Amino acid sequence: MSTITTPSETSLFLEPVATERARRRVEELMADFRSGTWRPTRLEGRVAELLLASTAGDGMLTPRRIRAALWEGNLALTYENDGRFAQVLADLVPVLDDPQLTALDIVDAAGELVGAVASTAVAVAA
């Protein structure tokens, strides 16, 4: 766990660096997705689809499920689109591993991003 803190733009309280980094990367990638400057590849879509399917029972992104999704993507996922989706997933793992770092807004935003990326896999396959 990182003990170094940074000021959060939305709060007066200091936020651990791992949490701030995960929040920033999720928000940036989602903004790029919405604007069309970033489009997921078939592999990223498939990995997101698998991750989404693993959450079907309880709707929770967990470190174990994210690690399994990254494992499925293998090394190739780190090269697709400069590895941005893989980096977002990797940044979520320490945040979700430590209850002191977890922020619900990040988990919700990450779930929305995974769902959006997974939806592109369905569109490409059709």
Side-chain angles (χ1 to χ4, degrees):
M1 176 180 107
S2 174
T3 57
I4 300 172
T5 56
T6 61
S8 174
E9 295 173 15
T10 59
S11 174
L12 297 175
F13 300 104
L14 293 177
E15 183 172 73
V17 171
T19 306
E20 187 274 330
R21 181 177 44 242
R23 174 179 283 111
R24 182 176 35 83
R25 288 206 173 127
V26 167
E27 289 172 353
E28 287 173 354
L29 194 56
M30 191 59 165
D32 288 349
F33 176 78
R34 287 182 176 143
S35 70
T37 57
W38 178 80
R39 285 286 167 223
T41 63
R42 294 180 90 177
L43 177 59
E44 290 167 330
R46 180 65 182 138
V47 166
E49 205 173 37
L50 293 171
L51 185 54
L52 198 60
S54 74
T55 65
D58 58 10
M60 298 293 296
L61 286 175
T62 64
R64 183 177 184 180
R65 290 172 180 163
I66 292 172
R67 285 186 187 102
L70 287 169
W71 181 262
E72 287 296 320
N74 211 323
L75 188 61
L77 188 62
T78 64
Y79 291 105
E80 300 266 325
N81 276 339
D82 295 327
R84 289 182 71 193
F85 186 62
Q87 187 64 56
V88 165
L89 294 178
D91 285 340
L92 288 171
V93 172
V95 171
L96 295 173
D97 260 343
D98 187 342
Q100 293 180 347
L101 298 178
T102 302
L104 291 179
D105 63 322
I106 298 172
V107 177
D108 290 343
E112 183 182 346
L113 176 64
V114 169
V117 173
S119 72
T120 63
V122 174
V124 170

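Starting from 1, each residue takes its place in the sequence as its number. These numbers come from a predicted model, not from an experiment.
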Chemist: Do you know which two heavy atoms are closest between T120 and G45, and how far apart they sit?
Modeler: OG1-CA, 4.3 Å
Chemist: Roughly how far, to the nearest 0.5 Å, is CD of Q87 from CG of D82?
Modeler: 11.5 Å
Chemist: Quick check: closest heavy atoms across R46 and A121, and the distance to 0.1 Å?
Modeler: N-CB, 4.0 Å
Chemist: According to salt bridge (charged side-chain N to carboxylate O under 4.0 Å, His left out), does anything in residues 87-97 pair up with another residue at least two apart or in another chain? List the pairs.
Modeler: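 Listed once each, the pairs are R21-D91, R25-D91, R67-D97.
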Chemist: Give me the atom names and distance for the closest heavy-atom approach of A116 to M30.
Modeler: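 Between these two residues, the closest heavy atoms are CB-CE, 4.1 Å.
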Chemist: Can you list the residues that meet the side chain to side chain contact (heavy atoms under 4.5 Å, CB included) rule with A110, with sequence neighbours excluded?
Modeler: V26, L61, L92
Chemist: Sub-3.5 Å donor-acceptor pair from the side chain of D58 to the main-chain atoms of M60, do we have one?
Modeler: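 Side chain of D58 to backbone of M60: a pair is present.
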Chemist: I'd like to know if R23 pairs up with E20 as an ion pair, taking the criterion as any Lys NZ or Arg NE/NH1/NH2 lying under 4.0 Å from an Asp or Glu carboxylate oxygen.
Modeler: no
Chemist: So, the side chain of T102 versus the backbone of V95: is there a donor-acceptor pair under 3.5 Å, distance only?
Modeler: yes
Chemist: To the nearest 0.5 Å, what is the distance between CG (L50) and CZ (R65)?
Modeler: 13.0 Å
Chemist: About how many Å separate CG of L70 and CG of L75, when rounded to the nearest 0.5 Å?
Modeler: 11.5 Å
Chemist: Taking all heavy atoms of A22 and all of I106, pick out the closest pair and write down the distance.
Modeler: CB-CG2, 4.3 Å
Chemist: Could you list the residues that satisfy side chain to side chain contact (heavy atoms under 4.5 Å, CB included) with T41, not counting sequence neighbours?
Modeler: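 Result, side chain to side chain contact (heavy atoms under 4.5 Å, CB included) vs T41: L43, E44, E80, N81.
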Chemist: Could you tell me if the side chain of R39 sits less than 4.5 Å from the side chain of F33, heavy atoms only?
Modeler: yes
Chemist: Using side-chain heavy atoms (C-beta onward) and a distance below 4.5 Å, is T55 in contact with T62?
Modeler: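 Of all side-chain heavy-atom pairs linking T62 with T55, none is under 4.5 Å.
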Chemist: Show your reasoning for whether side-chain contact (heavy atoms from CB on, under 4.5 Å) applies to V47 and V117.
Modeler: CA-CA 9 Å; V47 166; V117 173; over 6 Å; no
Chemist: What distance separates L77 CG from L89 CG, expressed to the nearest 0.5 Å?
Modeler: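 Here the rounded value is 7.0 Å.
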Chemist: To the nearest 0.5 Å, tell me how far D32 CG sits from R84 CZ.
Modeler: 4.5 Å
Chemist: About how many Å separate CG of L29 and CH2 of W38, when rounded to the nearest 0.5 Å?
Modeler: 4.5 Å
